[in-house]
Amino acid sequence: MVNLELPWKSALTVREIWFPTIGETIALSTGWRPRWLRLFHLERRIGKLLGRWERRQTLITDLGTLDSLLERMSQTMRYDIRRALSRDGLRFVDDWTPEQLVAFAASGDAGNTNQPALARLSALRAQGRLTIRAALADHTPLCAHAFIDDGRIARALHSYSIRRSVDKVDAPRVARATKALYFLDLHYMRDRGLREFDWGGISGRPGNGIDALKMEYRGTPRHTWCFDGLWLPYVTPLRF
């Protein structure tokens, strides 16, 4: 389980709980400030919680099946990944900092509303739950991915690529770098002993390009629940 408590504005505290185990008791800290509690990645809806529930569709990749993953991909995906790994002159790193990700995201294409919060990333990193990996050409980052894990399952948190409208940016090379970075991400997580990777949701809309990319990694569809609810200090403990 990953348990975060972050200050928000002047009167509230944001509480984020990821990967709770069913039957587990979570003691919320007491205090005069109300707690805004967010629950992520629940396998099932839990009764008697007041707030907004959202049913989400996602894909789960079994990290124990990676040895045959490349062969199960489309021919185009196999070509792009192999070219990125062998001919595109890319370097892949797994030690990016939250500050680097925030700066890179700020330089990306306009219109991306899913901007990373430095305080949240720093808190996750301090708990040892955050990994940020990137693909670079020379010293220029082309794409970066951040994911969170609890030692068993990992979940996609952020994904960004270089602004393709910038002069001299090779858009096909960036696309290949993104595909290869995801491929290496999965192997990195497996080598760390993780079992599953949650792709962070899919839209389910026909023809969606991002969904099609995620599906190439042969995930299994699954529904999870997200909960947003306002909790006052006396609501302790909370049992799942």
Practice task
Taking the side chain as every heavy atom from C-beta outward, state whether Met1 and Asp150 have any atom pair closer than 4.5 Å.
Solution key: no
Completion exercise
What one should report as the nearest heavy-atom pair of Arg155 and Gly200 is NH2-O, 3.8 Å
Handout entry: Close side-chain approach of Arg129 and Leu4, heavy atoms under 4.5 Å
Key = no
Handout entry: Pairwise distance CG(Leu136) to CD1(Ile162) - rounded to 0.5 angstrom
Key = 10.0 Å
Exercise for the section: For Arg83, enumerate each residue passing the side-chain contact (heavy atoms from CB on, under 4.5 Å) test, keeping only those at least two apart in sequence or located in another chain. Expected result: Tyr79, Arg87, Asp88, Arg176
Fill in the blank from the handout: Rounded to the nearest 0.5 Å, the CG atom of Leu85 sits from the CG atom of Leu184 at a distance of 5.5 Å
Handout entry: Non-hydrogen side-chain atoms of Leu124 and Val2 separated by less than 4.5 Å
Key = yes
Exercise for the section: Decide if atom CZ of Arg78 counts as having more than 12 heavy atoms of other residues, nucleotides or ligands within a radius under 6.0 Å. Expected result: yes
Exercise for the section: Please identify each residue that fulfils ring pair (Phe, Tyr, Trp, His ring centres under 6.0 Å) with Phe147, with sequence neighbours left out. Expected result: none
Problem - Heavy-atom side-chain contact between Leu157 and Leu121 under 4.5 Å - result: yes
Exercise for the section: Write down the atom of Leu70, the atom of Phe183, and the distance for their closest heavy-atom approach. Expected result: CD1-CE1, 4.0 Å
Handout entry: Residues that Trp96 engages under side-chain hydrogen bond (donor to acceptor under 3.5 Å, both in side chains), provided they are two or more places apart
Key = none
Completion exercise
Rounding to 0.5 Å, atoms CD1 (Ile132) and CZ (Phe104) come to a distance of 12.0 Å
Exercise for the section: Can you establish whether the number of heavy atoms outside Asp138 located under 6.0 Å from its atom CG is more than 12? Expected result: no
Exercise for the section: Output the distance between atom CG (Leu130) and atom CD1 (Ile148), rounded to the nearest 0.5 Å. Expected result: 7.5 Å
Exercise for the section: Can you sort out the partners of Arg45 under side-chain contact (heavy atoms from CB on, under 4.5 Å), two or more places apart, ordered by chain and number? Expected result: Trp53, Trp225
Problem - Sub-4.5 Å side-chain heavy-atom contact between Ile202 and Lys214 - result: yes
Practice task
Hey, could you give me the CG/CG distance between Leu186 and Asp191, rounded to the nearest 0.5 Å?
Solution key: 11.0 Å
Exercise for the section: Give the minimum heavy-atom separation between Met77 and Met73, together with the two atoms involved. Expected result: CB-CB, 4.0 Å
Practice task
Hey, can you tell me if Trp199 and Phe197 have their rings parallel, tilted or perpendicular (30° and 60° cut-offs)?
Solution key: perpendicular
Practice task
State whether the number of non-hydrogen atoms from other residues, nucleotides or ligands found under 6.0 Å of Ile210 atom CD1 is greater than 12.
Solution key: no
Practice task
Please test Arg72 against Ser68 for side-chain hydrogen bond (donor to acceptor under 3.5 Å, both in side chains), starting from the C-alpha separation and ending with a verdict.
Solution key: CA-CA 6 Å; Arg72 290 182 283 123; Ser68 62; 3.2 Å; yes
Handout entry: Considering all heavy atoms, the nearest Leu194-Leu63 contact
Key = O-CD1, 3.5 Å
Problem - Gap separating the NE2 atom of His145 from the CG atom of Asp185, nearest 0.5 angstrom - result: 6.0 Å
Practice task
Taking atom CD of Glu54 as the centre, report whether more than 12 heavy atoms of other residues, nucleotides or ligands fall under 6.0 Å from it.
Solution key: yes
Fill in the blank from the handout: When every non-hydrogen atom of Tyr217 is compared with those of Leu69, the smallest separation belongs to O-CD1, 3.6 Å
Practice task
Would you verify whether the NZ or CZ of Arg133 falls within 45 degrees of the ring axis of Tyr188 while also being under 6.0 Å from that six-membered ring's centre?
Solution key: yes
Handout entry: Partner residues of Arg222 under the salt bridge (Lys or Arg N to Asp or Glu O under 4.0 Å) criterion, sequence neighbours left out
Key = Glu43, Glu196
Exercise for the section: Please examine the side chains of Gln57 and Asp211, heavy atoms only from C-beta on, and report whether any two atoms are closer than 4.5 Å. Expected result: no
Fill in the blank from the handout: In terms of heavy-atom contacts, Ala146 and Leu101 come closest through CB-CD2, 3.8 Å
Handout entry: Student check: side-chain heavy atoms of Leu90 and Arg173 closer than 4.5 Å
Key = yes
Handout entry: Pair Arg192-Thr131, side-chain donor/acceptor within less than 3.5 Å
Key = yes
Practice task
Please list, chain by chain and in numerical order, all residues satisfying ring pair (Phe, Tyr, Trp, His ring centres under 6.0 Å) with His223, sequence neighbours excluded.
Solution key: none
Handout entry: Ionic contact status for Glu16 with Arg120, cut-off 4.0 Å
Key = yes
